[in-house]
Each structure stands twice: as structure tokens, then as C-alpha cells.
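Heads up: the structure comes next, in C-alpha cells.
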Amino acid sequence: MLLIRGRPMAGESLSSFRQRIWMRNGHTLFPVYHPELRRTDPDLQRQPAVMDIVSRRVGMAVGDVEALSLWSHPLLPGLAGATDRRMPRWVVLLQYARAGVGSGSVFCPLCLMEGPEPYFRTAWRLSASTACPHHRLQLLDRCPTCALPAWPYAAATASGFFQRQLELDQCPRCRFRLRESVSGAETSANVMACARSVSDGGLPRGLGPDAVPSLREGFDALLGVINLALRRRSRRKVGVQEPFRLAVDALDAEGVGNRSFDRINVIHRRLLIDAAWPLMAEWPHRFLNFASNCGVSAVDFSEDRHGLPSWFLGVVDEELGQPGRMITAADVDSAVEVLESGGLPVHAEAVGRMLGSRYAATVRERFAKRETATSSELAAFADGLLRYIEAGPANRSTSRQVRARDVAAVAATILTAMPVESVLRMGRSEIERLAMREHRISALDLCIKPVLAAAFECADRLWRVRSGGAETEPFFVPHRGISPNLRGPSQALRKAMEGLDDRLPRRPWVFFEAAG
Ligand SMILES: [Zn+2]
Ligand SMILES: [Zn+2]
């Protein structure tokens with residue numbers, strides 16, 4: 001039992017109260033009671049054994065001590081609900097990193113100035129606290145001279161700093177008094193409204209529907225909207241639109257990736273609250289307006305669904321749809337038609353954008369690559385190759401022969417199942433030996449062997465003219481010193497495959513095992 005007692009100040013946090021009473025009794029840093037660890041967050045303390053010791057030491061009822069912990073704040077589930085092992089989403093947890101990069105509490109310099117001695121508020125540990133509702137100031141989160149995070153960071157990490165008694169607002173590293181910090185005036189009504197309800201725990205008007213059952217539900221919905229700017233999937237969508245543009249630009253500028261709201265600094269948190277808060281008013285009109293303006297759909301909330309209140313999810317599912325589940329194959333076909341008729345590129349991304357979701361199974365299915373052509377596709381392809389030889393100006397026989405040579409290369413590649421680069425280095429007799437040797441009757445043989453024969457027949461004249469009739473090798477490189485031309489064969493392949501299913505890659509290997 002401590003000799004000198006005291007009562008907690010209005011809104012005071014458990015860690016602040018423990019430390020103040022301990023110092024009044026002539027000690028420096030408050031003790032850590034078994035089974036507490038030094039790095040246990042003193043404001044999130046909930047072990048009955050520890051609460052019991054603290055209440056006996058300070059001479060207060062256990063219930064009164066518990067009321068000072070963060071668990072008593074309406075944004076948290078309460079001590080009874082604290083069996084959930086997951087950490088509360090609204091608390092800025094103490095992060096123990098190299099000095100200066102962790103996190104402590106935010107604070108208002110003027111609040112620290114009030115009363116007989118400085119103390120820290122429970123609400124300052126919450127991520128939604130970014131302004132002081134009493135002094136209309138933006139809250140700070142670290143020592144302005146040395147950047148050490150504020151109380152209770154040092155209490156949990158650097159007890160060595162407390163070699164002597166310090167004021168609670170005194171930076172244990174550089175001894176600066178935090179209450180002498182200079183902070184900017186808070187000018188945003190949105191941030192102020194948020195700060196007021198975090199501070200007094202009261203349910204604000206205009207945060208969701210008129211009958212929001214609790215402060216926590218209102219704030220959980222708010223977090224759902226804020227997360228649109230933090231999640232990779234939706235950040236680009238909301239970042240091009242007011243009101244999120246400013247916040248997303250600031251996050252980008254600091255290279256903040258997929259971090260959660262409680263892990264970003266107070267400046268960024270303030271910008272996000274300022275953007276998201278007004279979207280909750282006139283529920284759900286402003287929110288839906290915003291969502292449709294930037295193309296936000298139900299999928300964008302999928303990561304957060306478990307934490308969102310039912311009235312919020314109801315609007316999301318009904319109004320922003322679950323297009324991923326409802327897109328039919330016919331929808332996909334008509335979207336493809338629209339794109340094709342507009343001369344636009346047809347791919348999963350473009351179709352998904354039109355239909356509201358590229359993750360829909362029907363969209364994925366439509367654009368999943370196939371590996372093997374069917375026999376009718378093979379037949380169409382063979383016709384395409386023969387047509388390609390005849391395509392183009394008829395009076396220029398050389399270009400017809402060049403096309404025939406390219407078609408021969410494609411046909412040979414498919415029949416020999418060798419890379420086109422290798423085929424182009426072979427002579428005609430070698431290709432015929434490899435391509436024609438097998439006498440099994442397959443769809444491939446039936447379709448492509450005649451194409452190869454016809455192409456050879458047609459191109460051979462070109463080759464004989466050029467080489468003066470002598471049988472020299474190789475076949476595809478008639479000009480001395482010219483390396484094999486890959487562009488010709490690949491154009492022949494592409495042209496011959498025109499009109500075939502676009503899920504079929506434009507590659508020779510799709511025909512290797514073409515079958516019914
Ligand atoms: Zn203040
Ligand atoms: Zn400092």
C-alpha cells in the first residue's frame with residue numbers, strides 16, 4: 001500500500017494514473033507486477049491478478065482501476081469481451097522498434113498544461129484521436145525535438161531513461177516538456193466531430209443511419225470506408241477522387257503500403273478521417289454516390305467483411321452488388337461484343353471493368369488460356385494457312401512465294417514439334433524427312449501435311465529462281481548472310497489463327513495434340 005494516494009483525473013489512462021501515484025511516493029518508473037512483462041501495454045492490462053495488486057497498492061476498488069484501462073472505452077469490446085485474442089482494431093499499440101520509430105500516445109499540449117500536473121488521457125491511445133475537442137488543436141504523437149514517441153512508450157521500452165523523477169510530459173530522452181510543443185489549429189469540422197465522439201464516447205449524429213446501435217458500429221463502418229484508401233485493391237480507385245485524393249497522395253509520398261489504420265502516423269490518420277467522415281452522413285446516399293463515382297464495388301470490402309456492421313454490409317451487398325457472383329456468361333459475351341465493335345482491346349481487365357468485377361468466375365473462365373486446339377479449329381487453321389499464301393497482291397508472285405515459305409515454316413514447326421528457330425536452319429529434304437516420316441493417320445497429318453506440301457511447292461519456285469536451280473541448303477535462308485526471319489512465320493501463324501477462340505494462345509504448340 002502506497003502512503004500517498006490520489007484520485008485519477010478526468011479521462012486519465014491507467015498507465016498515466018499508475019505512474020503519477022508512484023512518483024508521488026518518491027519513486028521513478030512504476031513497477032511491473034508479476035505476471036506482467038515490461039512490454040505489456042499498461043493501458044491494455046486485463047489480468048485479474050495484476051488489476052488486483054494495482055488496486056491494493058493505490059487503494060482503489062478493482063472496478064475503478066479497470067475503468068481507467070482502454071477496455072472500458074466504448075470503441076473496445078470491454079473486459080468481458082476481451083477473451084477475443086485478436087488485438088482491438090482501434091488502439092494504437094505500442095510498437096517496440098529502434099528508438100524513435102515506435103509509437104506511443106498522441107497528446108494535446110494545452111491539455112497537458114491544464115490542472116495541477118500533466119497527465120495522459122485514455123482516448124489518446126485510440127487511432128481515431130487526431131484532434132483535441134477542447135482546444136481545437138491537432139494532436140501530436142512524438143517529442144518535437146528528438147522524435148521519441150510519447151508516454152507510455154518509454155515506460156515500456158526504455159526504463160533506463162527514468163533514472164530520476166520526470167514529469168509525465170517530459171521526454172525521457174531529451175527532457176523536453178511536451179506541453180510546450182506547438183501544434184496547429186484543427187480546422188476540419190469532420191476531424192473535430194470525430195474527436196468529440198472519441199473523447200466523450202457519445203454517438204455522433206450523421207455517422208451512418210439514424211439508429212446506429214453503438215459508437216463502435218458507427219466507427220467500424222467508418223473504418224470500412226477509410227480502408228478503401230489503405231487497401232491495395234481499392235486505393236487507386238478512391239485516390240483519384242476527392243475527398244480521398246489528398247490522403248492517398250500523402251500515403252504514396254511516404255511510401256506507405258498496405259498498412260492498417262492504427263499503424264500509420266497521426267497526420268495520415270487525420271487526413272483519412274477528414275475524407276471518410278462526411279461520406280457517412282445522409283446515410284447511405286453520400287456513400288453510394290461516392291462509391292459509384294469511383295467504381296467501388298462489394299468486392300472492395302471483402303477483406304474487412306468480418307468487422308463491418310450488418311447495416312453497412314446490407315447496403316454494400318444490395319447497392320454495390322456482388323457482381324462477381326452475378327455476372328453470367330451472356331453478360332461476358334455481350335461485353336466482349338461491345339469492346340470488339342468499338343475496336344477496343346478485349347481482355348479480362350477491360351471486360352471486368354465494364355461489368356464491375358474482373359474476379360467473377362465467368363470472366364476468369366472466358367479468358368483462361370486454353371492449351372489445345374480442337375480438330376475443327378485445326379482444320380480452320382489449315383485453311384487459314386492456305387488462304388494466307390494467296391492473300392495480298394496477286395500480281396506480285398515473289399511476295400506470294402515469300403508467304404508460302406513462311407507458311408511452310410509454320411507447318412514444319414507443327415509437324416516436327418521443333419522450335420521454329422531450329423526449323424528455319426534446316427534444309428527442305430531434312431524437314432520432309434522429319435515431318436513426313438510417320439504414316440499414322442492423325443487429324444494433324446491430314447490437315448497440315450497437305451499445307452506443307454503446297455507451301456513447299458509454291459515457295460520452291462522462288463528458291464529455284466534465286467539459287468539458279470541448284471539444290472542447296474538451307475531452305476529458309478535463300479539470301480546469303482541473312483539470318484532466319486522469325487517475323488514472317490509468326491505473322492503467318494497469327495493471320496491463319498484469326499477468328500479462332502482468343503483464349504487459344506497464338507503459338508504452334510496448341511496444335512501439337514489437336515484432337516476432337
Ligand atoms: Zn487539449
Ligand atoms: Zn525528446
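Atoms within a ligand are numbered from 1 in the order they appear, just like the ligands themselves. We're numbering straight along the sequence, starting at 1. Values below: all heavy atoms of this structure, side chains included; hydrogens, waters and symmetry mates excluded.
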Metal-centred angle, the Zn ion (ligand 2) as apex - SG of Cys146, SG of Cys171, 10° resolution: 100°
Donor-acceptor pair between Trp151 and Ser15 side chains, under 3.5 angstrom: yes
Atom CZ of Arg175 with >12 non-hydrogen neighbours under 6.0 angstrom: yes
Option among Arg235, Arg231, Lys237 that satisfies the salt bridge (charged side-chain N to carboxylate O under 4.0 Å, His left out) test with Asp300: Lys237
Angle in degrees, rounded to 10°, that SG of Cys111 and SG of Cys132 form at the Zn ion (ligand 1): 100°
Within 45° cone of Phe261 ring axis and under 6.0 Å: Arg263 NZ or CZ: no
Apex the Zn ion (ligand 1); atoms Cys108 SG and His135 ND1; angle rounded to 10 degrees: 110°
